[in-house]
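Here is the structure we will look at.
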There are 2 protein chains.
Amino acid sequence: MTPGTPPPDASTPPPEPLSPAQVIVLGLLRFAGRATPYDLKQGVAGSVGNFWSVPHSQLYAEPDRLVARGLADVEQEPGGRRRKSYAVTPAGVAALDAWVADPPVDLGELRTPALLAVFFGADPAVVARTQLPQHRAKLEEYERLIEAGAAAGEGVARGPGLTLRAGVLSERAWIAYWTEMLEEAAG
Amino acid sequence: MTPGTPPPDASTPPPEPLSPAQVIVLGLLRFAGRATPYDLKQGVAGSVGNFWSVPHSQLYAEPDRLVARGLADVEQEPGGRRRKSYAVTPAGVAALDAWVADPPVDLGELRTPALLAVFFGADPAVVARTQLPQHRAKLEEYERLIEAGAAAGEGVARGPGLTLRAGVLSERAWIAYWTEMLEEAAG
DNA sequence: TGACAACAGTCCAAAATGGAAGGTACGGTT
DNA sequence: AACCGTACCTTCCATTTTGGACTGTTGTCA
């Protein structure tokens, strides 16, 4: 064993890495300070959900798992609906920062049924005609959001705006692709 | 009720739509004529897996589900490893063609951890430096595959080659994005 | 004859998924 | 004040999906 290599085990078992869903919950909680699962649902819908959606049932389950790991804490409304709200603990902040500083390498996948259809013999022009308007609408939506963000100006986190840019570039790529497919003769 | 509208139910319960994994298995079986789950695993790895991966355990489970639905049939090797191999039935061909002709509308998601990291505050330039080489490598790989396909020429299915083009455009978009992020000042 | 790598398949615990169903608060009627 | 409808909010659950650990098989080379 080379010097500098840590001993092949020790006291602490390697802490389970955070799952993407946990990162999303932790990150949204940090933005919000304190939030209920329902708040998280709203939060996901308008922002990170554009590129990584999480079913609502998971937004109810995940916070409790984070509490169990000491990364968040709960608080129960005394009256009314007795809603539970969550906030990130210092350990949670540390875990989130560590993940964010060194995310798993994974380029992602295109994973769209339209592409599967083309792969297995669909007429590309036909598929293109339904895909194009959708992608154009998405692109416009992202561009509007970017403008709105620019107007809002300082004081807000920069991350969300930067990912919007990825959305724009990706939608443009799709539009270019399906436009090409329009030219392809039928199979 | 307007004429031409079918009665609001009848004998046949609505056939469960195919899942993407089932489409992949059916489609690959059709390309191959007859294949074992292991063959499918190899097949996925080199082609459709680039944009829609399927864990190998599913490639063992899914064919049997297709058999149960009458969309494929099994055959057992008489000796040796007694491998099971599958082939698409006429009903399977019909189901696949129907799906391919009218895939669910779903634009897909970017779903990459790197983007999540940026969203939640990572220094975009730092993330970019690990993402860029990976995407460049992927792009080169796709371009090589396209050249190889062009050399192979006629006689092969057109679908796979067309999806490769989507891969190229997508990788270029990523490269453009992360190159922009390199410019962004640190958080 | 054994060792080893590549091949092939099974199994399972732990999640994700998505929808159905169930409660609660609230504003406005009558 | 009783009622209603709607929006809000939460739980539950059956079904898949997931990835990895584990087992066994075949063929090859020393």
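Order of the sequence lines fixes the chain letters, A, B, ..., with proteins taken first and strands second; residue numbering starts at 1 for each chain. Please read these numbers as outputs of a predicted model, since none were measured by experiment.
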So, taking the atom named [atom1] in [X] and the one named [atom2] in [Y], what distance separates them when rounded to the nearest 0.5 Å?
| X | Y | atom1 | atom2 | result |
| --- | --- | --- | --- | --- |
| A:His135 | A:Ile175 | NE2 | CD1 | 7.5 Å |
| A:Asp64 | A:Lys84 | CG | NZ | 4.0 Å |
| A:Phe51 | A:Tyr142 | CZ | OH | 9.5 Å |

Quick one: does A:Gln22's side chain get under 4.5 Å of A:Arg65's, heavy atoms only?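 A side-chain contact under 4.5 Å exists here.
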
Quick one: does A:Val23's side chain get under 4.5 Å of B:Phe120's, heavy atoms only? yes

Which parts of residues 22-29 of chain A get close to DNA chain D, meaning a heavy atom less than 4.0 angstrom away?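 The stretch gives none, as no residue of it lies under 4.0 Å from the strand.
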
Carboxylate-amine/guanidinium proximity below 4.0 Å for B:Arg144 and B:Glu141: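 Salt bridge absent between B:Arg144 and B:Glu141.
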
Can we say A:Arg69 and A:Glu16 salt-bridge, meaning some charged N sits less than 4.0 Å from an Asp/Glu carboxylate O? no

Rounded to whole angstroms, how far apart are CG on A:Asp64 and C1' on C:dA15?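 Value for this atom pair: 15 Å.
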
Contact letters for nucleotides 9-18 of chain D, in which S counts primed atoms plus P, OP1 and OP2 and B counts the base, heavy atoms under 4.0 Å: SBBB---SSB

Check against side-chain contact (heavy atoms from CB on, under 4.5 Å), A:Arg172 and A:Leu139: CA-CA 7 Å; A:Arg172 286 203 194 134; A:Leu139 176 59; 4.1 Å; yes

